[in-house]
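These notes are about the structure you will find just below.
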Amino acid sequence: MKNKLVELLKQSIDNCLKNGDLKGTEIPLIEVELPREGAHGDYASNIAMVLASSQRNAPRKIAERIVGNISDNEKLLEKIEIAGPGFINFFIKNNAWSTLLKEVDRLGDRYGESKIGNGLKVQVEFVSANPTGPLHIGHARGAVIGDVIANILSASGFLVSREYYINDAGNQMNMLGESVYYRYLELMGENISFPDNCYQGDYIKDLAFEVRENHGDRFRSDKDGAIPVMTEYAAGSILEGIKEDLETLGVVFNRYFSEKELYKNNSVEDILNKLQEEGFIYKEGATRWFKTTAFGDEKDRVVVRENGAPTYFAADIAYHLNKYERGFDKVINVWGADHHGYIPRMQACIQAMGRKKEDLAVVLVQLVNLLRGGLPVPMSTRAGEFVTIREVTEEVGKDAARYNFLMRRSNSHLDFDLELAKAQSNENPVYYVQYAHARICSIMRNALEQGYQIPEYKDISSELLTADEERDLIKIINSFPEIVEGSAHALEPHRIPYYINDLASVFHGFYNKNKVVSDNAELTKARLFLIKSAATVIRNALKLLGVSAPERM
RNA sequence: GCGCCCAUGGCUCAGCUGGAUAGAGCGUCGGACUACGAAUCCGAAGGUCCUAGGUUCGAAUCCUAGUGGGCGUACCA
């Protein structure tokens with residue numbers, strides 16, 4: 001509906017320009033929005049005010065001319081009013097609303113999809129945690145947000161690939177191997193003090209136990225031989241665990257990309273040399289610096305240390321080059337907010353490679369405060385005590401976990417309360433929307449028992465749907481595609497849960513005031529179709545979130 | 001010190017990229033089940049949108065300076 005009105009305005013302004021009612025030639029971006037106040041119509045546009053300064057004329061006069069040139073061929077409009085400082089308020093005819101439901105019927109489970117992505121290839125990289133320990137609650141939020149951004153983009157016509165970058169090179173990997181080695185020695189009965197800077201968690205002991213099962217005591221006095229074997233075994237095993245945990249959360253990647261590979265095939269060295277030839281990298285003794293200040297970073301960054309070892313940043317440069325070489329038009333990185341200082345140098349890096357700044361988008365995910373009944377759950381990574389993704393998923397369930405992670409703007413801190421998330425009560429928003437869906441399914445079962453068929457659009461008299469609650473429900477159903485588009489554009493998944501919540505609320509309100517299955521067979525059919533449409537939208541929206549839409553609860 | 005993020009009813013948060021009288025949920029108070037699921041609905045109370053300036057027809061939203069909180073400022077990842 002909104003798009004139709006934008007079209008009407010565009011044509012009208014075009015006419016105005018031709019017949020001299022407006023000066024100039026350019027049509028500005030036309031915005032149509034939903035007014036808060038019912039008295040301000042169903043939709044409103046501020047276009048006359050936007051044009052006022054360039055037209056050097058009063059907004060209300062401009063509005064009059066625009067309104068005068070609107071030709072409502074589809075007969076959508078009850079009336080148009082010019083109000084306030086120059087708003088154009090549109091009042092839609094009652095019978096124009098229900099025709100909108102035809103789209104839901106036609107598209108079914110594809111309702112809400114769009115083509116705004118235009119086939120652009122996008123990579124969403126997320127989680128990317130070191131394989132040095134199990135994923136904890138903080139990773140879970142990033143995992144779900146990345147996954148849903150991918151879903152939303154995919155539904156919006158982008159070609160999306162989900163990728164996990166494995167930091168399986170560098171110092172922390174040696175640390176992992178050593179940690180296992182010391183636990184291994186402990187199992188052998190050696191009296192050693194486990195170093196503070198090693199990984200403390202109990203999972204290291206399990207890994208050491210497995211190593212002993214497979215290799216016996218042959219590494220007991222062969223530390224140099226042990227470390228590579230133990231590192232590889234531990235990293236592989238931990239990564240497998242990570243994959244399993246992610247799967248319980250419903251997160252599956254198209255590709256796991258190994259940092260180690262970038263070194264094996266010389267990608268890191270090659271790109272560093274190339275950038276050096278191009279003057280973006282300079283040497284200072286043995287140290288190599290990337291001139292990120294040339295692109296607005298606050299200081300240059302080391303890519304190769306004095307001792308010859310490349311930094312993490314060096315591998316990241318090679319990795320991002322690799323992404324674009326694989327043909328991704330746009331790259332989206334979902335990072336923990338503690339990495340925000342890293343953004344300028346990555347943007348410098350891709351610009352040095354000849355890409356535009358916008359080809360890399362970074363979505364920052366703020367930390368999660370884990371609570372239980374309002375009290376903080378103590379966590380210390382250092383002591384290896386953290387609540388893992390698996391524990392959370394097993395305790396509260398996949399649906400509640402995902403929904404709770406998605407409810408807040410990713411850029412703000414999130415309180416995740418285990419008790420609330422698993423409570424099957426009105427305090428838990430996920431049940432509110434699932435209940436709406438289950439309730440609709442229940443009504444339809446009931447209708448079937450009474451001999452009704454579940455109607456399609458062609459079977460109903462849509463003009464019967466004129467009650468306020470019916471119109472509100474149709475309106476909100478109709479806005480779903482715009483919500484998805486906006487969410488894709490802004491990379492803001494939280495808009496979807498807010499939307500479903502509103503939709504569920506309007507539905508529940510409708511339900512409590514109007515009986516769907518009644519003596520009036522025609523009205524019953526029309527309303528069955530209406531709630532069926534609502535259920536379709538709830539299902540489609542929940543699917544974007546990776547949350548189930550149960551038929552009974 | 002410098003940089004980034006955040007600040008909206010008692011609590012947790014939205015606010016569609018500058019629009020008209022700032023909205024939800026929880027909590028509080030008061031109502032609605034012998035009609036399709038009460039995990040629901042209806043109503044009420046509750047706000048200097050952190051502060052002070054500025055930009056303009058118009059600011060919670062943009063700019064500047066403060067205040068308070070989080071994070072980052074490594075040849076760690």
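In what follows, chains carry the letters A, B, and so on, assigned in the order in which the sequence lines appear, proteins first and then strands, with residues in each chain numbered from 1.
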Hey, is the side chain of A/Arg60 poking within less than 4.0 Å of OP1 or OP2 on B/C57, counting only N and O atoms?
-> no

Remember a base hit wins even if backbone is also touched, and classify A/Ala44 as base, sugar-phosphate or nothing at under 4.0 Å, heavy atoms.
-> base

Using a cut-off of less than 4.0 Å, is there contact between a side-chain N or O of A/Tyr452 and OP1 or OP2 of B/C36?
-> no

Name the nucleic acid region contacted by A/Glu33, choosing base, sugar-phosphate or nothing; use a 4.0 angstrom heavy-atom cut-off, strictly under.
-> sugar-phosphate

Relative to its sugar, using the 90° cut-off around 0, the base of B/C33 is syn

A/Glu492 CD to B/U61 C1', in whole Å, measures 13 Å

Step through it carefully: locate the ring centre of A/Tyr319, locate the ring centre of A/Phe257, and say whether they are under 6.0 Å apart.
-> yes

When the distance from CG of A/Asp417 to P of B/C26 is rounded to whole Å, what number comes out?
-> 16 Å

Is B/U17 in the syn or the anti form, by the rule that syn lies within 90° of 0?
-> syn

Looking only at B/C6, B/U17, B/A77, the nucleotide nearest the A/Asn130 side chain is B/A77

Looking across every strand, which nucleic acid part, if any, lies under 4.0 Å from A/Leu34 by heavy atom: base, sugar-phosphate, or nothing?
-> base

What distance, rounded to whole Å, do you find between the two C1' atoms, one in B/C42 and one in B/G15?
-> 25 Å

Quick one: is B/A77 close enough that its OP1 or OP2 comes under 4.0 Å of any side-chain N or O from A/Tyr165?
-> no

Across all strands, who's sitting opposite B/C41 as a Watson-Crick or G-U wobble pair, both distances under 3.5 Å?
-> B/G31

Watson-Crick or G-U wobble partner of B/A65, both distances under 3.5 Å = B/U51

Looking across every strand, which nucleic acid part, if any, lies under 4.0 Å from A/Asn514 by heavy atom: base, sugar-phosphate, or nothing?
-> base

For B/G19, give its Watson-Crick or G-U wobble partner with both distances under 3.5 Å, or none.
-> B/C57

Indicate yes or no for a side-chain donor-acceptor contact from A/Asn89 to the backbone of A/Glu81 under 3.5 Å, with no hydrogens or angles considered.
-> no

Does a distance-only test, which skips hydrogens and angles, find a donor-acceptor pair under 3.5 Å between the side chain of A/His340 and the base of B/C5?
-> no

Taking only side-chain nitrogens and oxygens of A/Ser412, does any of them come within less than 4.0 Å of OP1 or OP2 of B/G70?
-> no

Examine the side chains of A/Asn333 and A/Lys323 and answer whether a donor and an acceptor come within less than 3.5 Å of each other.
-> yes

Would you mind reading off the distance between A/His339 atom NE2 and B/A77 atom C1', rounded to a whole angstrom?
-> 6 Å

Pairing partner of B/C11, by Watson-Crick or G-U wobble and under 3.5 Å for both distances, is B/G25

Rounded to whole angstrom, note down the P distance from B/C16 over to B/G54.
-> 25 Å

Closest nucleotide among B/A39, B/C75, B/G37 to the A/Tyr511 side chain = B/G37

Could you measure between the two C1' atoms, the one in B/U21 and the one in B/C49, and give it in whole Å?
-> 15 Å

Any luck finding a side-chain donor-acceptor pair between A/Asn404 and A/Arg141 under 3.5 Å?
-> no

Against the side chain of A/Asn446, the closest entry in B/C36, B/U12, B/C75 is B/C36

Tell me what A/Glu551 touches on the nucleic acid: a base, only sugar-phosphate, or nothing, going by heavy atoms under 4.0 Å.
-> base

Remember a base hit wins even if backbone is also touched, and classify A/Ala436 as base, sugar-phosphate or nothing at under 4.0 Å, heavy atoms.
-> nothing

With no hydrogens and no angle check, is any side-chain donor or acceptor of A/Asn501 less than 3.5 Å from a backbone partner on A/Pro497?
-> no

Counting side-chain heavy atoms from CB outward, which of B/A20, B/C75, B/C36 is closest to A/Val517?
-> B/C36

Heavy atoms under 4.0 Å, any strand shown: does A/Glu37 hit a base, just sugar-phosphate, or nothing?
-> base

May I ask you to say what A/Met553 touches in the nucleic acid, namely base, sugar-phosphate or nothing, with a heavy-atom cut-off under 4.0 Å?
-> base

Compare the minimum distances between each of B/A14, B/U21, B/G37 and the side chain of A/Ile443, then state the nucleotide with the smallest one.
-> B/G37

A/His494 vs B/G15: side-chain N/O to OP1/OP2 distance below 4.0 Å = yes

Under the criteria of a ring-centre distance below 5.5 Å and an interplanar angle below 30°, is A/His413 stacked with the base of B/G70?
-> no

So what does A/Ala438 touch, heavy atoms closer than 4.0 Å: a base, only the sugar-phosphate, or nothing?
-> base

Scan A/Lys513 against the nucleic acid and name what it touches under 4.0 Å (heavy atoms): base, sugar-phosphate only, or nothing.
-> nothing

A/Arg408, nearest nucleotide to its side chain (from B/A14, B/C41, B/C2) = B/A14

Which nucleotide in B/C75, B/C2, B/C5 has an atom nearest any side-chain atom of A/Gln366 | B/C5

Any side-chain N or O of A/Tyr435 less than 4.0 Å from the OP1 or OP2 oxygen of B/A39?
-> yes

Could you say whether A/Glu284 or A/His508 is positioned toward the 5' end of RNA chain B, judged by the nucleotide with the nearest heavy atom to each?
-> A/His508

For the residue pair A/Phe126 and A/Tyr164, is the inter-centroid distance of their aromatic rings smaller than 6.0 Å?
-> no

Under 4.0 Å between any heavy atoms, over every strand shown, what does A/Tyr342 touch: base, sugar-phosphate, or nothing? Just pick one.
-> base

From the list B/A20, B/A14, B/G19, which nucleotide is the closest neighbour of the side chain of A/Met49?
-> B/G19

Ignoring backbone atoms, test whether A/Arg36 places a side-chain nitrogen or oxygen under 4.0 Å from the OP1 or OP2 oxygen of B/C16.
-> no

With the side chain defined as heavy atoms from C-beta on, A/Pro85 is closest, among B/A77, B/G19, B/U12, to B/G19

For A/Asn446 and A/Gln450, does a side-chain donor sit closer than 3.5 Å to a side-chain acceptor?
-> yes

Does the side-chain ring of A/Phe87 sit on the six-membered ring of the B/A20 base, less than 5.5 Å centre to centre and under 30° in tilt?
-> yes

Can you tell which of A/Lys475, A/Arg527, A/Lys513 makes a salt bridge (charged side-chain N to carboxylate O under 4.0 Å, His left out) with A/Glu469?
-> A/Lys513

Does the side chain of A/Tyr282 come under 3.5 Å of the side chain of A/Asp300 through a donor N or O and an acceptor N or O?
-> yes

Answer for the Watson-Crick or wobble partner of B/C2, both distances under 3.5 Å, is B/G72

Spacing of A/Ile281 atom CD1 relative to B/C75 atom P, expressed in whole Å | 15 Å

Mind calculating the distance between CH2 (A/Trp335) and P (B/C4) to the nearest angstrom?
-> 16 Å

Would you say a side-chain N or O of A/Arg495 is under 4.0 Å from OP1 or OP2 of B/C16?
-> no

If you find the nucleotide of RNA chain B closest to A/Asn46 and the one closest to A/Tyr498, which residue's nucleotide is nearer the 5' end?
-> A/Tyr498

Considering only heavy side-chain atoms of A/Tyr431, the closest of B/A35, B/A39, B/C13 is B/A39

Assess whether one donor atom and one acceptor atom, taken from the side chain of A/Asn89 and the base of B/A20, lie less than 3.5 Å apart.
-> yes

Taking side chain as C-beta onward, heavy atoms only, is A/Trp289 less than 4.5 Å from A/Ile281?
-> no

